[in-house]
Every structure is written in structure tokens, then in C-alpha cells.
Asks: 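After the C-alpha cells below, expect a handful of questions from me.
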Amino acid sequence: MALPDSFIQELKARSDIVDVISSYVNLKRTGRNMVGLCPFHGEKTPSFHVNVENAYFHCFGCGAGGDVITFIRRIENLDYMDAVRLLAQRAGMTVPTEGVDDKTARIRARIFEANREAARFFHRMLYSPQGAQALAYLRGRGLKESTIKHFGLGYAPPGRFALVDALREKGFRDNELVTANLAFAGRRGNAVDRFVDRVMFPIIDLRGNVIAFGGRVMGDGKPKYLNTSDTLVFRKSNQLFALNFAKNSGEQRLILVEGYMDVIALHQAGFTNAVATLGTALAVDHARLMARYTKEVIVSYDSDAAGQKAADRAIPMLRDAGLTVRVLAIPGSKDPDEYIRSFGEQGPARFKQLLDATGNDVEYRLQKAKSGCDLTTAEGKIAYLNAAVSVLATLDSRMEQEIYAGRLSEEVGIQKSAVMQQVDKLLRKRMRSAQTRQVREIQQSVSAQRDSVNPQRAAHLRAAHAEEALIAYVINNPDMAKNIGEQMPPEGMVTDFNRRVYQLVMGRIQEGRPVDLMDLSQEFSMEEMGRITQILSSAPPTGDTWESAQEYIRVIRLEKETLTAADIPSAGVEDINKYLETLKELKK
């Protein structure tokens, strides 16, 4: 059973979509709508629109869209009921539970509970005789007892059933432990511990839930670090280790490091704004997540080749998310933890000096471009200039380009205009490539290729367009639904997805129930809600006329009748004559 309409209506009244989205996205008014940079894909020109009057959002760049519940689902990576709970908590409401079938939420709750109990178990094991080696390792890395407890560090003991047996005693079933990725199914079907003989790092979300674990092997086993795979409560690409602490640090910037130990060492040294990805390279979602809490990120990866390569990948993603990027180069090819410990009590002060003297990402990339180039030779200068021009062409600000071009001209001894000429040439080339990609994407969109929401759309474009326009008309003119329904029953629709939307909308109107997007979001996935908002966004601003609706119906019926042509060879003479007469009528 779905949530009662009365509850949804009250939640809608208390959850202003502009207020909610504004806590994640910087919105500016443009006419009757609000506009901002889409939080769901990288962009430099705003294509994310919030329709204030009808309380929905739609991105014309990536197609994301829906009501306020759909927005929370996307931005927080929640299922429908958890998104409702978050909004209800924000609005001071209680979610009704009677009659609500919420199987997914119950599974998520059990995963949270299992992870919490697992974290307690691992922490106890760290201080048991079995955990002596792991505890010695952490202390050997300079961690204080208070730090170990603050991060809830633990130890997964040897053996394949230590955690499984402990959690079974707590009432957890084997399939729940496998679903939480705390265990895997053995050859006999029984649950087997996933983490064995490892120092354990609990991963905690922004609401204080233990959602996953990272484990460092104590011996020579592989992999060195093992992390929880994606589950119903965890996705590596949009979580950062220690962000739950860093967001409350009071600092105006975040320090991005490579691993758990770097983060923990920095927090212990007083740099509580440090975070790290979770056993994976930085992803676009990580960058967007950081942009919700800061305007500046200092990248402090290891100084080895792998660390520099990771920094090179991270910089454009962070810049595209609107962040100011600085890159910290630590002397002696050390990571932050090693550097701080190497100076003893002076370590934190020395590290702060490094942070404060850190150059921006442009200076870092130009310095890398120059390394290995002999500027006393013509070849070396040309190599350096070509690499430097590629860096300047990535900058959005013309002022930035001009400033660095001036520095290059002085450094290499050529005119600034010559540098800018090469920058503009490269920019034009990249623009042509981008336009080609954009045209290709538009062609695919118009032709409905790779349409996962309505896969039948590509084969029936004319019918699909008419169906979508009719759906928008009915939603915007519910008083005309009865007349429309008499002429166009749901079974008259050509494509299955549009038929499903149309049938649900018409059914709610006939029952006297509301049909705003928030009323529909219980029935559709986030991707489907994006398509419905696209349908509404494509409707004429002043609304369609009754005559237009009649034309949509005529087109749909004609397309539907045309589909029966494939059956003509097997039909009788009487059926064929009837089909031809119907076709004549529709074409009048």
C-alpha cells in the first residue's frame, strides 16, 4: 500500500522545492523559474531549472528531473521511503507506517544494524589478545588511543566465521550478512567472513550511520586494502572517508589525501578537514560532493608517479565542480602522514606552512610541463610551450589565460600575443570537437536512440511525441480528462511507458486524487520521473488548446491503426475492408 494522499499533500506543503534544492545548489531567479549548475553532471553553463509554480526540477543537460522527493533520492543516494523520511524529519512530520509495504527500507535498516554491530565487534577484537599485532601496528603509526576510539578502528580476526558467528548470536541471518557485504556465500551456501586478519576502518555517512568498511591486511596477503562493495546503503563513488567529521571542522577548505591513514594522521595533528576516497580514484560525484561543503580543495596525494597521475586526473573534475584547486607537493616524496611524523612535535606546524604556501593547480601543471624540458635549447622551449598552452586552454577565465601567458612570454622570451594565438587555436579545435559531440548527442536524443525509459520511442517517434503532448495536456488540464478519456482509452496508446503514465494520471483524476509530480513519484523510478518532467517542460508555456489535444489523439489513433498493417496478410477480406475504412476516417 502506498503512502496516504493526505500525508503526501502535507509533506508537499511543508517541503518547498526551492528551499530544499537551495541547500545543495546555488539557484538564481530567471523569469518565473530558478536556475543553477546541475549537481548531477559537470557543467559550466547552468541548465538545471526549478519550476517554482509546478514544484519540479529538470536539467536540460543530463535529463535528470522530478519532484522534491526525486531530488533528495538522487542527491543523497536514497530509496523512495528514506527520501520521504528525510524530508518528513526536516518538516517535523512523522511518516505513517500502517499498511505501507517498505521491504527495501527494512533491508537497508538491517544493513545499518549489522554494520553497527560489526563495527563494535571489530573494535572489541582490536583490544583482545588476537588483535595485539593490529593494535601495535596502529600505535606504531603514531596513533593515540583517543584517535583510535574517535575513528572506531578495529580488527577482523583470523578464521572465516568469527564475525558471522558473532552476528548470528545477535539475530542476524546469513543472507542479511551477505547483502551487507560483511560476508559472502561459501560453496555450501553458508555465510563466510569477508574481512579476515585486517585492521578495520569503519566508513560513516553524514548522518552517523556505519555504511561500509575498509580493511588493511596484516600479513603479505593481497589485496593490501579491501573495501566493502556497493550495497543498498553504500556506493564508493559518492562517499568520502571522514567527511562526517570534516564538514564540521570550521575550515573553509578540504584537504584531499589518498588513504585512510593519511586522513587519520592529519585529523590527529589538528587538520580535521582532511578526507579521502574509498579505495578508488576520484570520481565526478566525489567532486560534486565536496563542492556542497567547500569552495577550495587542496590535493595532497603521494609525490610518487602514481600520486601525480591521480592528481592530474582529479584536477579537471574538481575545477568542473566549481572548486578552486591547489596542489600540495610534499618534499622528499613523502605522504602527509610520513611528513608530519618525521618532524615530531613540529610536524603539524611544518605541514601548515606547506599548506599555506601551496600554489594553485595551474602553477602545479605548468611546473610539471616544464620539468624535463631544457629551456636553453629551442626544442626544449617549444616542448614546454606546447605543454603549457594545453594547460592554459583548459582555463575558463580569459583573465587567467592572459596572466599566465604573460608569465610564459617573459620566461621563454617570446611575445605574449604569440602564446595567446596558440591558446586560441587549440580552443577552436576543442570547440569544434565539442560541437561535433553535442550534435551527435542531440541526434541520438531526437531519434530516441538508447532510450532506456521508453525503448519503443525510437520505432514510433511520431506517436510518442503525440502521446507525451497529450499527457502534458491532461496533467495541466485535469478538468478535460473525462472528455479526453472517452476519446483515447489507455489501451489506445502506442508505447508502453507513455501508456503507463497516461493510465495512472487518468486513474487518479477519475478518482478525484491530485496528479502533481510529488503524487506520482511513488510509482516511478528516478529516471522515469526525469522523463515525465521532460514531457512537462516541453509543453508550450501558455498551455495547449483543446484543438491541439484533438490533433494529438488523431495522430496516436492513426499510428496505432498503422501498426495493424503487419497483420493484414493473415486477415480476412472483411477485416481488411474494415481496417481501410478506419484508416480513411482517421486521415480526414
Side-chain angles (χ1 to χ4, degrees), residues 20-21 23-26 36-43 48 57 59 61-66 68-83 85-87 104-105 107-108 111-112 115 179-181 201-214 225 227-248 254-260 263 273-295 297 299 310 313-323 325 525-527 529-530:
V20 172
I21 293 180
S23 63
Y24 299 91
V25 180
N26 184 22
L37 294 174
C38 180
F40 305 120
H41 82 287
E43 62 176 9
F48 180 87
F57 73 94
C59 177
C62 67
V68 67
I69 297 175
T70 309
F71 179 84
I72 291 297
R73 289 181 68 182
R74 274 191 176 275
I75 200 80
E76 295 286 355
N77 188 31
L78 300 173
D79 66 11
Y80 177 82
M81 283 304 300
D82 280 338
R85 289 189 184 93
L86 191 152
L87 285 172
T104 302
I107 295 172
R108 286 170 60 90
I111 294 175
F112 284 135
N115 283 338
T179 301
N181 205 230
F201 302 86
I203 298 162
I204 301 171
D205 69 11
L206 297 174
R207 288 180 290 278
N209 299 306
V210 179
I211 56 174
F213 294 91
Y225 280 94
N227 295 280
T228 301
S229 301
D230 287 359
T231 68
L232 282 175
V233 304
F234 172 67
R235 198 168 75 224
K236 293 177 189 175
S237 63
N238 65 359
Q239 297 288 343
L240 291 166
F241 182 65
L243 183 60
N244 57 311
F245 298 133
K247 70 183 180 71
N248 298 320
L254 290 175
I255 304 171
L256 177 63
V257 296
E258 285 196 34
Y260 302 118
V263 169
N273 54 335
V275 298
T277 52
L278 304 166
T280 184
L282 187 81
V284 172
D285 285 345
H286 292 132
R288 294 177 194 150
L289 178 60
M290 283 186 275
R292 285 160 52 185
Y293 297 97
T294 189
K295 294 298 181 185
V297 171
V299 178
R313 284 191 68 257
I315 288 169
M317 283 187 275
L318 295 168
R319 286 182 68 95
D320 286 346
L323 291 159
V325 185
S525 70
M526 291 184 291
E527 290 72 24
M529 288 298 293

Asks: With sequence neighbours excluded, what pairs up with F213 under the ring pair (Phe, Tyr, Trp, His ring centres under 6.0 Å) test?
Replies: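 Ring pair (Phe, Tyr, Trp, His ring centres under 6.0 Å) list for F213, sorted by chain: F122.
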Asks: Donor-acceptor pair, D230 side chain versus K236 backbone, under 3.5 Å?
Replies: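 Here the side-chain-to-backbone pair exists.
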Asks: Only counting residues at least two apart or in another chain, list the ones meeting ring pair (Phe, Tyr, Trp, His ring centres under 6.0 Å) with F245.
Replies: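 Testing F245 for ring pair (Phe, Tyr, Trp, His ring centres under 6.0 Å), a comparison that skips the adjacent residues, returns H150, F151.
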Asks: Please name the pair of heavy atoms, one in R73 and one in A83, separated by the smallest distance, quoted to 0.1 Å.
Replies: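 Smallest interatomic distance, heavy atoms only, reads CG-CB, 3.5 Å.
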Asks: Using the test side chain to side chain donor-acceptor pair (under 3.5 Å), find all partners of R288 that sit at least two apart in sequence or belong to another chain.
Replies: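 Side chain to side chain donor-acceptor pair (under 3.5 Å) check on R288 returns D285.
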Asks: Between R108 and D82, does any side-chain N to carboxylate O distance fall below 4.0 Å?
Replies: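 Yes, this pair counts.
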Asks: Please round to the nearest 0.5 Å and tell me the distance separating atom CZ of F71 and atom CE of M526.
Replies: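 Separation between the atoms: 12.0 Å.
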Asks: Where is the tightest heavy-atom contact between P39 and I75, given as atom of each residue plus distance?
Replies: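 That closest heavy-atom pairing would be CB-CD1, 3.8 Å.
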Asks: On a heavy-atom basis, which atom in A246 and which in L254 lie closest, and how many Å separate them?
Replies: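 Minimum heavy-atom separation between A246 and L254: CB-CD2, 3.9 Å.
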Asks: Answer whether the closest heavy-atom distance between the side chains of L243 and L289 falls below 4.5 Å.
Replies: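 Yes - at least one pair of side-chain heavy atoms lies under 4.5 Å apart.
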Asks: Does a side chain donor of either N248 or Y293 reach within less than 3.5 Å of an acceptor in the other side chain?
Replies: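 Absent: no donor and acceptor within the cut-off.
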Asks: Do Y24 and I72 have side chains that get closer than 4.5 Å, going by heavy atoms?
Replies: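 Yes, close enough: below the 4.5 Å cut-off.
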Asks: Taking N115 for its side chain and V210 for its backbone only, find out whether a donor-acceptor pair lies under 3.5 Å.
Replies: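 Yes; judged by distance alone, with no hydrogens or angles, the pair exists.
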Asks: Any donor-acceptor pair under 3.5 Å linking the side chain of N181 with the backbone of S229?
Replies: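 A pair under 3.5 Å: yes.
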Asks: For A314 and L282, which heavy atoms make the closest approach, and how far apart are they?
Replies: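 It is CB-CD2, 3.5 Å.
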Asks: Please identify each residue that fulfils salt bridge (charged side-chain N to carboxylate O under 4.0 Å, His left out) with E76, with sequence neighbours left out.
Replies: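 Here the qualifying residues are R207, R292.
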Asks: Check whether T294 reaches the backbone of A291 with its side chain - one donor and one acceptor, N or O, closer than 3.5 Å.
Replies: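 Such a contact is absent between T294 side chain and A291 backbone.
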Asks: What distance do L78 atom CG and L87 atom CG have between them, rounded to the nearest 0.5 Å?
Replies: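 Rounded to the nearest 0.5 Å, the CG-CG separation comes to 9.5 Å.
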Asks: Decide yes or no for I21 and F48: does some side-chain heavy atom of the first lie under 4.5 Å from some side-chain heavy atom of the second?
Replies: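 Yes, close enough: below the 4.5 Å cut-off.
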Asks: For residues L318 and V325, determine if any side-chain heavy atom of one lies less than 4.5 Å from a side-chain heavy atom of the other.
Replies: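 Yes; the side chains approach each other to less than 4.5 Å.
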Asks: Can you list the residues that meet the salt bridge (charged side-chain N to carboxylate O under 4.0 Å, His left out) rule with R319, with sequence neighbours excluded?
Replies: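 Counting only residues at least two positions away or on another chain, R319 forms a salt bridge (charged side-chain N to carboxylate O under 4.0 Å, His left out) with D361, E400.
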Asks: Using the six-membered ring wherever Trp is involved, compare the ring planes of F241 and Y260 and label them parallel, tilted or perpendicular (cut-offs 30° and 60°).
Replies: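 Aromatic pair F241/Y260 classed perpendicular.
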Asks: Run the side chain to side chain contact (heavy atoms under 4.5 Å, CB included) test on M290 and K247 for me, step by step, so that the C-alpha distance in whole Å, both residues' side-chain angles and the decisive distance to 0.1 Å come before the verdict.
Replies: CA-CA 9 Å; M290 283 186 275; K247 70 183 180 71; over 6 Å; no
Asks: Just to verify, what does A283 make a side chain to side chain contact (heavy atoms under 4.5 Å, CB included) with, not counting sequence neighbours?
Replies: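 Expected list: S237, H286.
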Asks: Can you see which heavy atom on I111 is nearest to which on A180, and at what distance?
Replies: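 That closest heavy-atom pairing would be CG2-CB, 3.9 Å.
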Asks: Using the test side chain to side chain contact (heavy atoms under 4.5 Å, CB included), find all partners of I211 that sit at least two apart in sequence or belong to another chain.
Replies: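 Side chain to side chain contact (heavy atoms under 4.5 Å, CB included) list for I211, sorted by chain: F112, I203, D205, N209, V233, F234, Q239.
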Asks: Can you name the residues that form a side chain to side chain contact (heavy atoms under 4.5 Å, CB included) with N77, not counting sequence neighbours?
Replies: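 Only R235, N238 meet the side chain to side chain contact (heavy atoms under 4.5 Å, CB included) criterion with N77.
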Asks: Can you confirm whether E527 sits close enough to R74 that some side-chain heavy atom of one is under 4.5 Å from a side-chain heavy atom of the other?
Replies: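 Counting from C-beta outward, E527 and R74 do come under 4.5 Å.
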Asks: Of all the heavy-atom pairs spanning G36 and V25, show the shortest one and how long it is.
Replies: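 Closest heavy-atom pair between G36 and V25: CA-CG1, 4.4 Å.
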